[in-house]
Amino acid sequence: MKTSLLVGCAILVTLAAPFPANAWLGGKVDSVQSDRVFMRGTLKSTAGENYSVQEIRAANGVIVREYVSPSGNVFGISWKGSTRPNLRQVLGPYYDTYGKAVQIQRAKRFIRYVRGPVRVEGSGLVVEMGGHMRWYVGRAYVQALMPPGVTAKEIQ
Amino acid sequence: MSRTHRFPVFALLSAAAALALACAGCGGAPSASPIPTPSTTPNVQPIQVNAGPAQNYYTYSNGAFTSVTLCVPGTTTCQTIGGILVDTGSEGLRVLASALTISLPQQTQNGDPVGECAPFVDGVAWGPVVTADVQIAGEKGSSVPIEVVGGSSGLGASVPAPSCTDQGTPDQDLPDLGANGILGIGPFAQDCGVECTSTYPISSGQNLEWYYTCPGNSSSNCTPAPADLMQQVVNPVVTFPTDNNGVVIELPALSGSPPVATGLSGSLIFGIGTQSNNGLGNATIYQIDPMYGNFSTVFNSVEYSDAGFIDSGSNAYFFADSTTTNMPYDANSGLYTPPADEAFSATNVGYNGATGTFNFTVESGDGLFNSYPNDTAFADLAGPSTYTQGPSSYDYFDWGLPFFYGRTVFTAIEGAGTPGGTGPFFAY
């Protein structure tokens with residue numbers, strides 16, 4: 001796959017002290033450290049031209065990637081693993097936006113029911129989730145926070 | 001653009017570790033003997049593709065339903081519940097409290113009731129874990145941990161907040177679930193597995209919150225707790241004395257143009273290679289990642305590594321994205337809407353290297369629903385797995401119920417011996 005945006009140094013960061021920050025999607029990069037502590041994971045940081053990727057590998061093998069803009073904002077996240085991360089933990093204040101969008105979508109489901117992947121969109125937030133029990137994938141991003149030239153495809 | 005890095009080493013290592021731990025502690029799982037014990041137990045359970053039990057709300061599409069009989073353990077106090085979704089994409093039996101009329105004993109840990117916040121793709125299912133004797137066809141499992149979802153009173157009535165409500169939107173009733181219950185008969189023995197045991201101790205801030213203990217039987221007292229493998233909601237198949245190494249699903253092909261039907265009748269057959277009706281025959285065995293349950297799928301010369309699976313509980317093929325397939329989609333229905341039929345081909349690649357190509361056709365989901373409002377089986381229904389613009393490592397290939405039409409599909413459970421080798425695997 002295309003990796004040109006991920007060129008540059010890969011730095012293994014090991015920090016023991018928890019950060020007090022508590023915002024994730026839409027939060028400042030500091031919140032990544034708090035996520036890492038929450039998930040008791042290890043952190044790998046990859047810097048690119050338009051954004052950097054903070055990859056947290058949790059103790060149980062779940063991988064969460066947080067995409068950080070040059071201004072230090074988390075504009076996208078993705079996850080993959082045998083369990084799903086706590087959604088409020090990774091969506092932060094956008095978890096409530098997500099919940100409302102789900103309710104609106106469910107209200108539309110009045111003729112046909114199709115069980116499959118989740119995609120909800122609302123207030124500039126996009127959340128996609130898929131997989132099956134024992135393998136959960138998902139990603140979320142906020143259009144307005146994405147740096148110029150970055151597309152949703154890169155959040156994976 | 002092809003990927004050669006098929007299965008990451010870390011996944012292999014952790015999968016091996018998880019499997020070793022799983023088998024060390026799982027007395028309920030079948031032994032790994034290469035030849036399963038022959039059986040004469042009646043092992044065929046009828047299944048139907050129909051509008052489902054939530055018809056007052058909507059018509060289900062491509063859902064396979066069956067019934068299960070639950071009994072108070074060791075007694076003849078029993079109830080048969082229909083409208084149960086047959087799901088190879090999950091493990092464990094879950095029934096709606098609203099569909100249950102008998103009183104089943106609550107599972108406890110150190111005297112405290114146990115609850116579960118089970119994560120599904122589209123939300124979480126919360127409720128108490130109880131035990132029941134589970135009978136399907138002639139197969140009977142004793143004191144099987146199952147989840148009772150929702151309810152107007154008791155533990156299921158209130159979803160623990162914030163720890164469970166923060167994990168997804170609760171699916172607590174018939175319109176949410178679309179079924180009276182879910183029969184999870186996927187390739188794993190338990191729903192969560194070793195990651196919910198005390199091997200991964202739960203402490204403040206742990207992100208794995210499936211099982212809870214609830215002192216006083218009150219949701220407000222529920223706190224996440226580890227659950228031993230024997231206490232977890234279990235794939236009912238492994239609790240059967242015989243025919244317990246996996247399942248076979250048989251559904252007829254849809255003929256006609258377009259291939260649609262008001263309904264279909266088929267069979268859920270227990271056991272693989274244990275009786276004359278469940279032999280592997282010429283089926284190809286696609287071993288799957290023992291940690292995640294996936295094979296790989298190659299589509300348009302791109303390999304989607306460790307990201308393909310067969311899920312009878314998904315109601316369409318979900319694959320790739322609109323740019324990759326060059327098909328429009330309806331964001332409301334989540335289905336592709338090509339103006340004309342589109343033919344595709346994909347190749348599944350097993351963990352064991354087995355490969356097989358299959359062909360399928362996609363028609364407009366919205367068009368089919370509009371033209372055939374009374375039909376419930378649609379062979380050509382598909383939707384995007386993602387909305388990226390081109391192949392990405394986020395994509396996955398969810399071969400849902402249409403994949404089963406006209407095929408015999410085997411799901412072998414982890415650690416279980418079959419004439420085709422030890423599970424987990426899919427075969428068709």
Side-chain angles (χ1 to χ4, degrees), chain A residues 1-2 18 34-35 37-41 57-62 64 78 80-91 95 98-99 102-103 105-106 108-121 126 128-139 151-156, chain B residues 1 3 14 52 54 57-61 63 89-91 119-122 162 166-169 176 178 184 186 188 191-193 195 200 205-210 291-294 309 311 313-316 318 331-335 369 383 385-394 396 398 400:
Chain A
M1 290 310 305
K2 189 179 176 191
S34 168
D35 274 4
V37 171
F38 186 82
M39 291 185 278
R40 295 185 298 163
R57 185 157 294 176
N60 59 14
V62 175
V64 176
S78 71
K80 190 178 284 190
S82 52
T83 65
R84 184 162 59 209
N86 183 300
L87 288 182
R88 188 182 292 279
Q89 175 69 20
V90 292
L91 295 181
Y95 184 66
Y98 163 75
V102 168
Q103 296 304 338
Q105 190 177 62
R106 286 186 175 182
K108 291 179 186 166
R109 191 177 62 188
F110 57 93
I111 297 173
R112 284 284 179 178
Y113 184 60
V114 178
R115 184 186 292 274
V118 169
R119 175 183 166 94
V120 295
E121 198 166 348
V126 176
E128 294 180 15
M129 295 196 284
H132 54 82
M133 199 166 262
R134 298 283 190 116
W135 190 69
Y136 301 85
V137 292
R139 58 183 200 138
T151 65
K153 182 183 169 183
E154 288 163 60
I155 298 162
Q156 52 182 273
Chain B
M1 301 237 296
R3 277 177 222 152
S14 48
Y57 304 97
Y58 44 71
T59 301
Y60 214 101
S61 318
S90 72
E91 285 76 25
F120 284 86
V121 164
D122 53 358
D166 279 359
Q167 297 183 58
T169 309
D176 284 348
F188 296 102
D191 58 0
C192 182
E195 293 183 29
Y200 292 87
Q206 166 67 305
N207 63 330
L208 186 57
E209 298 169 336
W210 284 44
M291 186 163 191
Y292 301 127
N294 295 336
F309 54 94
D311 178 8
S314 290
N315 307 141
F318 292 103
N332 282 327
S333 65
L335 296 171
F369 287 168
S385 68
T386 179
Y387 298 76
T388 54
Q389 295 88 45
S392 85
S393 66
Y394 176 86
Y396 52 91
D398 175 352

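Residue numbers begin at 1 in each chain, while the letters A, B, ... track the order of the sequences. The structure displayed is predicted, hence computed values, not measured ones.
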Under a 4.5 Å cut-off applied to non-hydrogen side-chain atoms, are A/L87 and B/Q167 in contact? no
Measuring heavy-atom distances to chain B, does A/V102 have an atom under 4.5 Å in its side chain, in its backbone, in both, or in neither? side chain
Might you point out which heavy atoms bring B/D122 and A/V118 nearest each other, and give the distance in Å? CA-CG2, 3.4 Å
Quick one: CE on A/M133 to CZ on B/F188, what's the gap to the nearest 0.5 Å? 11.0 Å
Region of A/S78 in contact with chain B, defined by heavy-atom distances below 4.5 Å: neither
Does any heavy atom of chain A fall under 4.5 Å from the side chain of B/F318, the backbone, both, or neither of them? side chain
Chain A contacts, top residue of B/G193, B/G52, B/A331 (heavy-atom pairs, under 4.5 Å): B/G193
Heavy-atom closest pair, residues A/H132 and B/G293: NE2-O, 4.1 Å
B/W210 to A/T83 - nearest heavy-atom pair and separation: NE1-CG2, 4.1 Å
Return the CD to OG1 distance between A/E154 and B/T388, rounded to the nearest 0.5 Å. 11.0 Å
B/Y58 and A/R112 have their tightest heavy-atom pair at CB-N, 4.0 Å
For B/N294 versus A/W135, what's the shortest heavy-atom pair and its separation? ND2-CD2, 3.0 Å
Report which part of A/E121 has an atom under 4.5 Å of a heavy atom belonging to chain B: side chain, backbone, both, or neither. neither
Nearest-0.5 Å distance that lies between atom CZ in A/R134 and atom SG in B/C192: 6.5 Å
Should B/Y60 and A/R115 count as side-chain neighbours, where that means a heavy-atom distance under 4.5 Å? yes
Minimal non-hydrogen separation, B/Q389 against A/T151, with atom names: OE1-CB, 4.1 Å
Judged by atom type as modelled, is there a donor-acceptor pair below 3.5 Å linking the side chain of A/R119 to the main-chain atoms of B/S385? no
Residues in side chain to side chain donor-acceptor pair (under 3.5 Å) contact with B/T169, at least two apart in sequence or another chain: none
Spacing of B/Y396 atom OH and A/K80 atom NZ [to the nearest 0.5 Å]: 10.5 Å
Within-4.5 Å side-chain heavy-atom neighbours: B/Y387 and A/V126: no
Identify, with sequence neighbours excluded, every residue that meets side chain to side chain donor-acceptor pair (under 3.5 Å) alongside B/D398. B/S314
Test side-chain hydrogen bond (donor to acceptor under 3.5 Å, both in side chains) applied to B/E195 and A/S82, step by step: CA-CA 9 Å; B/E195 293 183 29; A/S82 52; 2.5 Å; yes
Name the member of B/S333, B/G168, B/G186, B/G383 that forms the most heavy-atom pairs with chain A at distances under 4.5 Å. B/G168
Side chain, backbone, both or neither: which part of B/F309 has a non-hydrogen atom closer than 4.5 Å to chain A? side chain
Heavy-atom pairs under 4.5 Å with chain A: which of B/G184, B/G178, B/G313 has the most? B/G313
Is there a side-chain contact between B/T386 and A/Q156 in this structure, where contact means two heavy atoms from C-beta onward sitting under 4.5 Å apart? no
